[in-house]
Structures are given as C-alpha cells and as structure tokens.
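Naming: A, B, ... by sequence-line order, numbering from 1 per chain.
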2 protein chains.
Amino acid sequence: MSTEPTAPTRRTELLGIAAGLFAEKGFKNTTVRDIAEASGILSGSLYHHFDSKESMVDEILSTFQEELFAAYDAVLASDVDARTKIDRAVRLSFQAIDQHPHEVAIFQNDAGYLGGFERFGYLAERNAQSREVWVSLLTEGVRSGALRHDLDIELTYRFIRDTVWVAVKWYRPGGRHSHVEIADQYLTILLDGISTDPQSPSPRERP
Amino acid sequence: MSTEPTAPTRRTELLGIAAGLFAEKGFKNTTVRDIAEASGILSGSLYHHFDSKESMVDEILSTFQEELFAAYDAVLASDVDARTKIDRAVRLSFQAIDQHPHEVAIFQNDAGYLGGFERFGYLAERNAQSREVWVSLLTEGVRSGALRHDLDIELTYRFIRDTVWVAVKWYRPGGRHSHVEIADQYLTILLDGISTDPQSPSPRERP
DNA sequence: GTCTATATTTGGATAGAC
DNA sequence: GTCTATCCAAATATAGAC
C-alpha cells in the first residue's frame, strides 16, 4: 500500500487536458470536441470516460479544492504565531498557483457561473471556509499586535484573497520569477507597503 | 450644442441591460434571448438595434475604455508629484468600478476570450497602454525617492493593476463602503502595508 | 477504448408582417 | 420598434460497431 504518485490513468490524463483548455478559454468556450481533439480522439469517445462536460470540471475542481483546504487546515492548526501563519498561508497559495495553475484559473474564471448550479454548491461552501481561515488569521494578527489595529478585517481579507489568486492570470510556472520569489515580493508589499515614506496622517503604531 | 447627459435612447437602454447580464453571467453564458427577455421584447427585435451579440459587447467595452483612458491621460499630464499621481490613478480606478461596474466586470472576465478575435484587438492595445501608464508612474516614483528603490516595477505594476480591478468582484455601489473609503484603505495597504512591525531583513530606506 | 453515425437541444441570426 | 416564424450552425450527448 503506497501513496506514491501513480502513473496517470487515461482518465486523469484526459482531465488534465480538459483542465488546460478550460483554464485557457473558459468552460463555456471549450467544446467537448476541443477536448477530444486535443486528446487525439473523437468527441464521442470522451463519453466512455465521463458523463458530461460538467462532470469533468466538477471532478477537476473538487479534487483540487480538497487538497488545497487540507493544506490550509494544516497551517491553521500549526503551533506558530499569527504572522508566521499568514506568511505560510500566502506562500501556500502561490505554491498552489504554481502547481495547479489550471485548476486555480478555472476556479477564478468560472466559479461564479458554475456556482449557480446545485451541483456546484460546494464552491460557495469552500468560499465561506476560505473566508473563515483568513478572517481568523487576521483577527489573531491584530489581537497579538502583529498587524495594525485599524485594519478593516473584512476588507483586508478580500484584498488578500483576490490579490493572491489573481496572480494566476499572469504567473507562468518556469517563468522569470519562481512562485517563492513572487510570494516574497507580495508579502513585502502586503506587510510593509511600497512607500519609503510613512503616510503623513497615518494612524500607524510603532512601539 | 450641449454635452449634457442626454435621456437614454432605446439603444443605450438595451446596452445597459445587456451589460448587466454579461457582467453577471459572462458573455458566452448570456444568450440573445436572455437579453431580449430582460428587456421585455423578443430576441428577433434586438436585431433591429444591433448587428450581433458581439457588436453589443464591442460597443459596451470600447465606449467605456475610451472614457477611462481619457481620465488616465489627464492624471499623467497633471502637474503634481509621482506619489500624488499614483494616488489619483488608484482613486480613478475605484471610481470607475463604482460608476461602471458592469463594464469593468465584463472586461475582467471576458477580455481574455474576446481578445482572441480580430475585432477586439483594441483590448490588447488598451492593456499595453495601461501598462505604460503604471510603469511610468512607478518608475517616476522610485526615481523621485517616493517609492522603495528595490521594487520590481513590472511585478508591482501587475499587483496594482490586478488588485485594483479585481475589487469589481465584490464591490457593490451603494454598499457598506464607498469607493472612496475603499480607495483609502487600499492606498494605505499599498503604500504602508498591513504590518506594525517593519520586516527584520527588509531593505527599506528611511532617510 | 475508440470510431461512426446520428439524435437532440440550444442559440445566433434573418425575413417579412404589423 | 416589435412580433411571428423559421433557418441554420454549433454543440452536447447517445447507440452500436469494431
């Protein structure tokens, strides 16, 4: 009994190809014929593996999210201070973009539309779960004094969530910057800002 | 000869309805029948006003972008320091989200797909233009000493661009926060960060 | 597991009456 | 400016042979 990455089955191989197309062109703009052609087979053959186009995205997204949220849970449960947890959660996210760019892109672009169907109700649940993770991290950060006391937690959560994931729009694995470098830069901006000068009327605390 | 806002023609009224649907569900997920129904007419009647569904988004996007970039140009040309220009450009963007949420959403969600067609080549041009605006502002900011000298300009540009526009996903005109408040919060985070503590190994300059 | 052939549905678009 | 009626293309999905 081993947990090593097994050789990709035909099924997972096809899912990977579909994910690439969904990510690139969007779910609705990708036809089953596109997927079949990219896989070197005909559209009818796809239905030997999957019920429908919908069930393909479904499997792509749910598999990815399971993995992702397990990782967040591990960060939340870890025994380090709030700032370190935030650091890790951010790095984890950029790492996810690096390792699963297609899945992240599909979620970013199509979750809004797909979420409208019962079948994809779990997308909204996962969204709520993500909010809980970040709000609790930020709240802990403010309480412990690591973060500015005047932060609007809700607003800051949205900024972080969106600004991290939106990087999937331009980040390319193997490109000029590694995901670690990007996380470094992002954390620097997020924590310290881009300015040399502290704001004149800033209510910033320095002990 | 007046430039006052004229009463909406039937044409602009229909475009507004279409924009709302495109923004909410995506261009491809919105059918001509959807637009017609929301307008209280039948699908065939739409073709009295427009050539095609494509020409509808085209008009929505190009009209908006013309207005937006005129505003950016005004900021660029204004006679103030770099930091103030950046401040104004950011505020301008949040204001655009406030005043044209549908147009911004459509651009965010569908520009990637639409940009693949010749007809929408101007989307890529506008993107390049936007990059020039921000890169020149940031470069000026670093040179003048207002911004940290170790900034990766290209990366910072992408962060700002994406993080500003992505707000359209959750911002609701007339909601809990005004676009001005959101711009305030965002600029504080962008310029000064969310941390109380300056980073230990941060190469931050303070004269 | 893939192909051939085809059923079925959906959606963009048109023509002409009112 | 809208409706009725309809065409046509595209796309999802199915059935059975190989």
Side-chain angles (χ1 to χ4, degrees), chain A residues 6-62 106 109-120, chain B residues 6-62 106 109-120:
Chain A
T6 50
T9 63
R10 183 70 172 137
R11 182 187 187 76
T12 54
E13 192 183 0
L14 292 172
L15 278 182
I17 291 165
L21 290 170
F22 290 154
E24 185 193 331
K25 318 200 303 172
F27 175 70
K28 196 79 182 195
N29 298 317
T30 304
T31 70
V32 302
R33 283 178 173 80
D34 288 338
I35 301 170
E37 188 185 14
S39 309
I41 59 179
L42 291 183
S43 66
S45 309
L46 269 180
Y47 289 85
H48 173 72
H49 302 274
F50 306 97
D51 281 349
S52 65
K53 195 173 87 162
E54 267 194 11
S55 75
M56 296 186 82
V57 241
D58 194 345
E59 189 163 339
I60 290 167
L61 288 178
S62 58
I106 296 167
N109 297 327
D110 292 311
Y113 168 67
L114 293 173
F117 302 92
E118 259 194 59
R119 168 171 205 167
F120 293 94
Chain B
T6 50
T9 63
R10 183 71 172 136
R11 181 188 188 76
T12 55
E13 193 183 0
L14 292 172
L15 277 182
I17 291 165
L21 290 169
F22 290 154
E24 185 194 330
K25 317 201 304 173
F27 175 70
K28 195 80 182 195
N29 299 316
T30 304
T31 69
V32 173
R33 286 175 173 85
D34 287 337
I35 302 170
E37 189 185 14
S39 309
I41 58 179
L42 292 182
S43 65
S45 308
L46 270 180
Y47 289 85
H48 172 73
H49 302 275
F50 305 97
D51 281 350
S52 64
K53 195 174 88 162
E54 268 194 9
S55 75
M56 296 185 82
V57 241
D58 194 346
E59 188 163 340
I60 290 167
L61 288 178
S62 58
I106 297 167
N109 297 327
D110 293 311
Y113 168 67
L114 293 173
F117 301 92
E118 258 193 60
R119 168 171 205 167
F120 294 94

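In this entry the distance linking NZ of A/K53 with C1' of C/dT8 reads 16 Å, nearest Å. For the pair B/E37 CD and D/dC3 C1', the computed distance is 16 Å after rounding to whole Å. Going from atom CG of A/D34 over to atom P of D/dA13 covers 14 Å, rounded to whole Å. Remark: C1' of D/dT14 and CZ of A/F50 are 17 Å apart, rounded to the nearest angstrom. Here the C1' atom of nucleotide C/dG11 and the CZ atom of B/F22 are 13 Å apart, to the nearest Å. One interatomic measurement links the two molecules: CG of B/N29 to C1' of C/dG12, which rounds to 15 Å at whole-angstrom precision. The nearest whole Å value for the distance from the CE atom in B/M56 to the P atom in C/dG11 is 16 Å. Here C/dC3 presents its C1' atom at 13 Å from CG of A/L46, a figure rounded to the nearest Å.
Among D/dC3, C/dT2, D/dA13, the nucleotide with an atom closest to any side-chain atom of B/L42 is D/dC3. Listed candidates were D/dC3, C/dG1, C/dG12. Nearest to the side chain of B/I41 is D/dC3.
Residue B/R11 places none of its side-chain N or O atoms closer than 4.0 Å to OP1 or OP2 of D/dG1. Between B/S45 and D/dC3 there is a side-chain polar atom (N or O) within less than 4.0 angstrom of OP1 or OP2. In this model, the phosphate group of D/dA13 is approached by a side-chain N or O of A/Y47 to a distance below 4.0 Å at OP1 or OP2.
Along DNA chain C, the nucleotide nearest B/G44 and the nucleotide nearest A/H49 are compared for position; the residue whose nucleotide lies closer to the 5' end is A/H49. Where A/D51 and B/H48 meet DNA chain D, the nucleotide closest to each residue was compared, and B/H48 sits on the side nearer the 5' end.
Taken from OG1 in B/T12 to CD1 in B/I60, the straight-line distance is 11.0 Å, to the nearest 0.5 Å.
Annotation: side chain of A/L114 is in contact with side chain of A/F27 (closest heavy-atom distance under 4.5 Å). Side-chain atoms of B/K53 and B/F22, non-hydrogen and from C-beta on, do get closer than 4.5 Å to each other.
A/I106 approaches A/A23 most closely through the heavy-atom pair CG1-N, 3.7 Å.
Checked by atom type, the side-chain pair A/T31/A/D34 shows a donor-acceptor distance below 3.5 Å.
Remark: the B/R33 side chain and the C/dG12 base include a donor-acceptor N/O pair separated by less than 3.5 Å.
If you check every strand for non-hydrogen atoms under 4.0 Å, A/S39 touches nothing.
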